Amino acid sequence: MAHMPTLRRDRVVSGFIYHDAQTDDARLTLALARTAADLGAAVANWTALVGLEKGPDGAVTGATIQPGRGPDEPDGPPITVRASVVVNAGGVWSDAVAALDLGHDPATIRPAKGIHITVPWDKVRNDIAAVVPVPKDRRSVFVVPQGDRTYIGTTDTDYDGPVDEPTCTAEDVRYLLDAMNASLTEPLSEADVVGTWAGLRPLVSGASTAEKTTKTKDLSRRHKVARSASGVISVTGGKLTTYRKMAADTVDAAVEVLGRGGRSRTRRLRLHGAEGHAELLEAGAAARLGVEADELARLAGRYGGDARAVAAMIAGDPALGMPLVDTLPFTRAEALYAARYEMVGSLDDLLSRRIPARWQARDATADAAEDAAGLVAGDLGWDEARISAEVEALRSSIERERTDAELPRTATTATTGA
Ligand SMILES: Cc1cc2nc3c(=O)[nH]c(=O)nc-3n(C[C@H](O)[C@H](O)[C@H](O)COP(=O)(O)OP(=O)(O)OC[C@H]3O[C@@H](n4cnc5c(N)ncnc54)[C@H](O)[C@@H]3O)c2cc1C
């Protein structure tokens with residue numbers, strides 16, 4: 001009970017502790033992209049594959065890509081890239097990519113929506129991740145502490161809307177709040193929800209009627225690697241946890257098409273950021289770098305060895321150690337670091353996928369949007385018009401997210417969570 005004092009004693013039959021891994025999925029993905037770049041890959045974001053090139057025998061010989069923010073906002077002409085192997089790792093979009101190869105939608109993916117909510121940590125006060133059962137649904141939700149926030153999720157429902165923008169509804173939020181409240185002494189309400197996000201699991205669905213109608217929560221999370229008649233390799237399904245196995249199987253299939261190269265070396269590959277990480281946790285490291293020990297530990301957790309670069313920015317200009325968004329620990333230096341080294345393409349990239357401000361403090365992030373855009377504008381070459389457009393796009397997206405879930409605005413000052 002000491003690990004989660006808000007648990008209802010009458011609901012606890014017994015307890016056990018098990019160990020699992022925890023990661024920030026966006027930062028893990030970024031570390032992977034940087035690892036690939038370190039090893040010589042050319043990495044491009046905001047660039048869509050829009051066509052496949054094929055030779056006279058029908059074998060794939062390359063791909064056409066379109067830089068820009070979508071079909072309506074191209075950034076220059078399309079580019080054709082010659083390639084001996086093309087891999088489709090399009091997640092929930094992989095059927096759309098496969099359709100460019102096959103000429104029809106293979107309908108292999110069954111998207112399953114899942115949402116998370118964020119509440120102030122002091123509403124739950126769990127010092128380890130907890131698993132709470134959902135009454136009458138044979139499911140559990142995870143309750144994961146994250147600094148002075150707690151993440152709660154997830155749901156698992158069939159989804160047939162637009163895959164680009166799944167939304168979190170009032171019903172989704174209620175499901176999680178009801179699940180929590182069945183086990184908590186102090187009920188949570190919509191007013192406590194300071195952030196929400198929705199995602200789609202790219203589950204592999206078989207062609208049989210049984211597989212098409214099974215509840216998504218009962219569908220397998222296994223991955224599948226397949227090769228089409230033209231030689232395009234697709235990796236579908238899977239989980240973040242199994243990404244190295246998914247990658248290894250895909251690389252092995254690609255090597256087979258190429259007819260040269262060894263097997264995947266992921267087993268022994270250290271990710272970008274691993275180098276120099278351990279030294280940052282040694283006594284005296286913080287004093288040497290001129291930052292507080294707690295702050296260096298937080299930065300090392302997010303950036304690995306690259307935390308040195310963020311710490312040096314703060315040591316050089318202490319104003320960069322100030323919060324980027326009120327109520328959250330992320331510093332202004334981290335925004336500049338993201339703009340310089342992490343391929344930020346939009347303000348939402350910065351405040352959602354480089355720094356998880358939006359997921360942890362939705363309304364405070366909307367309030368900080370203008371200041372954050374101004375801070376990174378110089379590095380990203382944004383003029384006044386672009387700054388306004390970015391701020392407007394982020395604020396309206398946040399407002400839509402809040403109203404779709406029928407949530408009230410939350411306090412956006414340092415008293416949030418009191
Ligand atoms: C709510 C929720 C909870 C989850 N919880 C867990 C968990 O606890 N543990 C776990 O292991 N897994 C979890 N997962 C699953 C995990 O997040 C997914 O399996 C994983 O993100 C899928 O990775 P992916 O690389 O296959 O696809 P994605 O991450 O979707 O990546 C596909 C990429 O392809 C890009 N793309 C699509 N079309 C094109 C195109 N035409 N041109 C160029 N790029 C394109 C997309 O922009 C995207 O970046 C969860 C998923 C959800 C939704």
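In what follows, residues are counted from 1 in the order of the sequence shown. When a ligand or atom number is given, it counts from 1 through the structure's own listing order. This is a predicted model, so every value here is computed, not measured. The figures that follow rest on heavy atoms only: side chains count, while hydrogens, waters and symmetry mates do not.
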Under 3.5 Å, side-chain donor or acceptor atoms of residues 124-135 against the rest of the protein: list the pairs with distances, not counting sequence neighbours.
residue : atom : partner : partner atom : Å
R125    : NH1  : D122    : O            : 2.9
R125    : NH2  : E186    : OE2          : 3.0
N126    : OD1  : T150    : OG1          : 3.3
N126    : ND2  : I128    : O            : 3.2
N126    : ND2  : V143    : O            : 3.0
D127    : OD1  : H3      : ND1          : 2.6

Dump the pairs for me: ligand 1 N or O, protein N or O, distance under 3.5 Å, to 0.1 Å.
residue  : atom   : partner : partner atom : Å
ligand 1 : 11 (O) : L240    : N            : 2.9
ligand 1 : 11 (O) : T241    : N            : 2.7
ligand 1 : 11 (O) : T241    : OG1          : 2.4
ligand 1 : 12 (N) : L240    : N            : 3.2
ligand 1 : 19 (O) : G238    : O            : 3.3
ligand 1 : 41 (N) : L49     : O            : 3.1
ligand 1 : 42 (N) : L49     : N            : 2.8

Mind checking what makes side-chain contact (heavy atoms from CB on, under 4.5 Å) contact with A254, not counting sequence neighbours?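 Per chain and number, A254 pairs via side-chain contact (heavy atoms from CB on, under 4.5 Å) with V85, I233.
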I'd like to check the side-chain contact (heavy atoms from CB on, under 4.5 Å) partners of P323; sequence neighbours left out, ordered by chain and number.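 side-chain contact (heavy atoms from CB on, under 4.5 Å) check on P323 returns nothing, list empty.
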Within a strict 4.5 Å, meaning less than it, do heavy atoms of the K239 and M246 side chains meet? no
Give me the ring orientation class for Y303 and Y337: parallel if the planes are under 30° apart, tilted from 30 to 60°, perpendicular past 60°.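 If you compare the ring of Y303 with that of Y337, the planes turn out perpendicular.
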Any idea which heavy atoms bring L407 and R362 closest together, and the distance?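 Looking at all heavy atoms of both residues, the shortest contact is CD1-NH1, 3.5 Å.
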